[in-house]
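Here is the structure we will look at, set down as structure tokens.
Every chain is numbered from 1, with letters handed out A, B, ... down the list of sequences.
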Number of protein chains: 2
Amino acid sequence: MKKKSTHEQFVAYLRSEGKNITPERMLILDEVLAQKAHFKIDDIIDKMSCAEKKISRATVYRSIKTIENAGLIKYIRSINDEKIYEVVKKHHDHMICESCGKIIEFHDNDLETLQDAICESHGFVPQRHTMKIFGLCEKCKS
Amino acid sequence: MKKKSTHEQFVAYLRSEGKNITPERMLILDEVLAQKAHFKIDDIIDKMSCAEKKISRATVYRSIKTIENAGLIKYIRSINDEKIYEVVKKHHDHMICESCGKIIEFHDNDLETLQDAICESHGFVPQRHTMKIFGLCEKCKS
DNA sequence: TAATAATTGAGATTAAATCTCAATTATATG
DNA sequence: CATATAATTGAGATTTAATCTCAATTATTA
Ligand SMILES: [Mn+2]
Ligand SMILES: [Mn+2]
Ligand SMILES: [Zn+2]
Ligand SMILES: [Zn+2]
């Protein structure tokens, strides 16, 4: 069985929620998938406002939220508290350089296991987490 | 040598920054310290707007930022993305119940050590971090 | 193809936070 | 203590991200 493309996942989500499959929604998803790793909603708004088929700011906000509810994107908060979106792939956490803003993604199994153990000791059932480490990247630390 | 009270720390900060020690700033700090563990800025605004000496919304926002810059308080984002402030004490991370909103503070040395090791392996110099685990608390999980 | 419900765009609105500026107050100095 | 100076405050205006409104348009279903 072939793994569903993000596109197909989104269509399946829209169907399951009784939402219409509109060109606006699909074009916004396309633009999201065309972004570099981390993007802001204004990046999408700017693109859609001067695209061949113009799409309004309100619709971009609405569709981004729909895509987020579908579990296909999520956001973290930058140093300046801006929402920084990314496509959801494998779970990972973030290191963020306070100097240049660089975002490093990382994943560590021991860390995840330890987190689960700590939760258990508190009678807490973990569902998801975010961890952001702020500091200086290789380039900026010297 | 006696450890400085938060009050003294704030005064020292204001002096070091050439900022004036005003009754408004000190009263807002007092109110902050009188809060329960986690509070919203509106809690402070409400209190100050009907206190004996009324203090304006603008001044509360300005002073909270000053107290934050002094390193005496910080905030995390709730499930609804609201800013939740707390007085800075020992470093800790948070578990947040998705059902009732309960916030559990925890600290684990192994976790911190592991984080540092992971940073080192990425050539990253950590300065601070936030970790929020969302899930279900003891009461809500059943 | 027609009926129905969902979606869209454009501008209005909201809410958190910041800004403006005249009036007030803290601080430094003699 | 009195005065000069610079910082701060309050009240309302403004900003910004995000949401809402509603008439016109479009997707879906039958
Ligand atoms: Mn990422
Ligand atoms: Mn806390
Ligand atoms: Zn850097
Ligand atoms: Zn709970």
Side-chain angles (χ1 to χ4, degrees), chain A residues 7 10-32 38-70 73-85, chain B residues 7 10-32 38-70 73-85:
Chain A
H7 217 87
F10 189 46
V11 168
Y13 172 81
L14 292 174
R15 290 234 161 82
S16 75
E17 294 284 310
K19 291 180 184 301
N20 291 354
I21 294 154
T22 65
E24 290 83 357
R25 282 175 175 155
M26 300 319 287
L27 286 168
I28 290 166
L29 178 65
D30 289 345
E31 189 56 45
V32 158
H38 299 99
F39 61 93
K40 303 194 189 112
I41 203 154
D42 274 341
D43 297 338
I44 310 293
I45 291 169
D46 291 349
K47 277 285 191 143
M48 298 332 266
S49 69
C50 56
E52 194 177 354
K53 179 182 189 331
K54 296 195 195 321
I55 299 177
S56 74
R57 170 182 309 268
T59 296
V60 173
Y61 271 107
R62 285 186 283 232
S63 295
I64 288 289
K65 182 164 281 187
T66 304
I67 297 171
E68 191 184 344
N69 289 340
I73 58 175
K74 65 193 175 80
Y75 66 85
I76 55 176
R77 292 271 181 178
S78 73
I79 300 168
N80 327 307
D81 244 16
E82 292 171 317
K83 288 184 177 179
I84 304 284
Y85 283 89
Chain B
H7 217 267
F10 190 44
V11 168
Y13 172 80
L14 291 173
R15 291 237 160 81
S16 76
E17 294 283 310
K19 292 181 183 300
N20 290 355
I21 294 155
T22 65
E24 290 84 358
R25 283 176 175 154
M26 300 320 286
L27 286 168
I28 290 166
L29 178 65
D30 288 346
E31 189 55 45
V32 159
H38 299 99
F39 61 93
K40 302 193 190 117
I41 201 154
D42 273 341
D43 298 338
I44 309 293
I45 290 169
D46 291 349
K47 277 285 189 142
M48 300 330 268
S49 69
C50 56
E52 194 178 351
K53 179 182 190 330
K54 297 196 194 319
I55 298 177
S56 74
R57 171 183 305 271
T59 297
V60 173
Y61 271 107
R62 285 187 283 230
S63 295
I64 288 288
K65 182 163 281 186
T66 304
I67 297 171
E68 193 184 343
N69 289 341
I73 58 174
K74 65 191 173 82
Y75 66 84
I76 56 176
R77 291 272 182 178
S78 74
I79 299 167
N80 326 308
D81 244 17
E82 292 171 316
K83 288 185 178 179
I84 306 284
Y85 283 88

Task: Residue pair B:Ile45, B:Tyr61: steps toward the side chain to side chain contact (heavy atoms under 4.5 Å, CB included) verdict - done: CA-CA 8 Å; B:Ile45 290 169; B:Tyr61 271 107; 3.7 Å; yes

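- A search for side chain to side chain donor-acceptor pair (under 3.5 Å) contacts involving A:Ser56 returns A:Thr59, not counting sequence neighbours.
- Checking side-chain atoms of B:Ser63 against main-chain N and O of B:Val60 turns up no donor-acceptor pair under 3.5 Å.
- Partners of B:Arg57 by salt bridge (charged side-chain N to carboxylate O under 4.0 Å, His left out), not counting sequence neighbours: none found.
- Residues passing the salt bridge (charged side-chain N to carboxylate O under 4.0 Å, His left out) test with A:Lys65, sequence neighbours excluded: none.
- By the salt bridge (charged side-chain N to carboxylate O under 4.0 Å, His left out) test, A:Lys40 pairs with A:Glu82, sequence neighbours left out.
- Between B:Gly18 and B:Val60, the one whose closest nucleotide on DNA chain D sits nearer the 5' end is B:Gly18.
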Task: Per-nucleotide protein contact string for nucleotides 18-30 of chain C, where B marks a base within reach and S marks sugar-phosphate only (heavy atoms under 4.0 Å, - for neither) - done: BBB-----SS---

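- Qualifying side chain to side chain contact (heavy atoms under 4.5 Å, CB included) partners for B:Ile79, counting only residues two or more places apart in sequence or in other chains: B:Ile96, B:Glu98, B:Phe134.
- Comparing the axis of the opening five pairs of the helix from C:dT1-D:dA30 to C:dG30-D:dC1 with that of the closing five pairs yields an angle of 40°, rounded to 10°.
- Not counting sequence neighbours, the partners of A:Asn20 by the side chain to side chain contact (heavy atoms under 4.5 Å, CB included) test are A:Thr22, A:Arg25.
- Distance B:Glu82 CD to D:dA18 C1': 15 Å, rounded to the nearest Å.
- For the pair A:Glu68 CD and D:dA17 P, the interatomic distance rounds to 17 Å; values are reported in whole Å.
- Residues meeting the side chain to side chain donor-acceptor pair (under 3.5 Å) test with A:Tyr75, sequence neighbours left out: B:Asp81.
- Near DNA chain D, defined here as any heavy-atom distance below 4.0 Å, the residues from residues 45-56 of chain B are B:Lys54, B:Ile55, B:Ser56, listed numerically.
- For A:Lys53, the side chain to side chain donor-acceptor pair (under 3.5 Å) criterion is met by A:Glu24, not counting sequence neighbours.
- Per the geometry, OH belonging to B:Tyr75 stands 15 Å off P belonging to C:dA16, to the nearest Å.
- Separating the NZ atom of A:Lys83 from the C1' atom of D:dT16 is a distance of 13 Å, rounded to the nearest angstrom.
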